[in-house]
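Order of listing sets the numbers, starting from 1, for every ligand and every atom in it. Just so we're clear, the structure is a prediction, and the values are computed from it rather than from any experiment.
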Amino acid sequence: MGGLIELRCRCGEVRGTLRDLSPHTVNRVTCYCDDCQAFAHQLGRADLLNAKGGSDIVQVAPATLSFTQGQHRIVGLRLKPNGLYRWYANCCNTPVGNTLTPSIPFVGLLVPAFDKPQLDDAVGAPSGAIFGKYAVGEPPLASKGINLLLLLRALGRLLGWRFKGQSWPHPFFSRETGAPLYAVTVLSAEQREALRVFCGPQPSAPSAS
Ligand SMILES: [Zn+2]
Ligand SMILES: [Zn+2]
């Protein structure tokens with residue numbers, strides 16, 4: 001049930017599929033947090049952000065995402081030692097999924113990795129925005145912090161995915177060992193700090209990219 005859509009990095013080397021897509025099986029939100037902004041700037045991909053620094057993200061169950069080609073190009077980045085795992089294709093610096101450890105079964109995918117009209121058809125428009133206080137310039141409406149309804153919705157999805165057995169297989173972690181399948185780099189505190197000038201709420205330097 002639900003739609004199937006192809007994921008591809010910008011250059012086409014890394015490809016995958018996302019299945020079971022519908023407005024009732026995934027969450028789509030625009031995240032304005034400074035970490036998402038910092039990640040895009042670290043990759044030199046400010047083009048992934050909207051004019052206010054927001055990331056258009058679809059949250060899906062781990063088992064619904066699988067890679068079909070170019071897996072050797074996948075690497076992970078953490079902005080701090082316990083931060084999210086932010087996976088990307090290092091051929092062209094395209095994000096291919098944000099995750100926590102597999103005990104919290106979700107993958108947050110940036111919409112630019114998909115054909116947007118196809119994705120819009122499958123899951124509809126974003127249901128809201130979060131962390132608007134970090135937006136570049138005027139915060140978007142009604143999005144300053146954690147939106148409780150969106151949070152409950154996200155938790156509901158997580159429970160549903162777990163109930164349906166969609167925690168495994170996980171596209172980025174080994175089921176046997178729980179370890180990441182791909183190499184992960186952690187930014188130093190200095191490297192993380194250096195990205196703040198590019199991000200909201202008040203960027204003080206033009207983007208590096
Ligand atoms: Zn690529
Ligand atoms: Zn974020």
* Asked: Would you call Arg192 and Gln42 a side-chain contact if the rule is heavy atoms closer than 4.5 Å?
  -> no
* At distances under 2.8 Å, what protein N, O or S atoms surround the Zn ion (ligand 2)? -> Cys31 SG, Cys33 SG, Cys36 SG
* Structure fact -> Which of Val60, Asp120, Leu109 passes side-chain contact (heavy atoms from CB on, under 4.5 Å) with Arg28? Answer is Asp120
Going by atom type alone, with no hydrogens or angles, which donor-acceptor pairs under 3.5 Å involve a side-chain atom of residues 149-161 and a protein atom two or more places apart or on another chain?
{"unit_1": "Arg153", "atom_1": "NE", "unit_2": "Asn27", "atom_2": "OD1", "d": "2.8"}
{"unit_1": "Arg157", "atom_1": "NE", "unit_2": "Val26", "atom_2": "O", "d": "3.0"}
{"unit_1": "Arg157", "atom_1": "NH2", "unit_2": "Pro23", "atom_2": "O", "d": "3.1"}
{"unit_1": "Trp161", "atom_1": "NE1", "unit_2": "Thr25", "atom_2": "O", "d": "2.9"}

* To do: May I have the angle between Cys91 SG and Cys9 SG with its vertex at the Zn ion (ligand 1), rounded to 10°?
  =>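 Once rounded, the angle between the two atoms at the Zn ion (ligand 1) is 110°.
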* Think Arg15 forms a cation-pi with Phe67, using NZ or CZ under 6.0 Å from the six-ring centre and within 45 degrees of its axis? -> no
* Structure fact -> Residues Phe106 and Asn98: closest non-hydrogen pair is CE1-O, 3.8 Å
* **Lys164/Asp20 salt bridge by N-O under 4.0 Å criterion** => yes
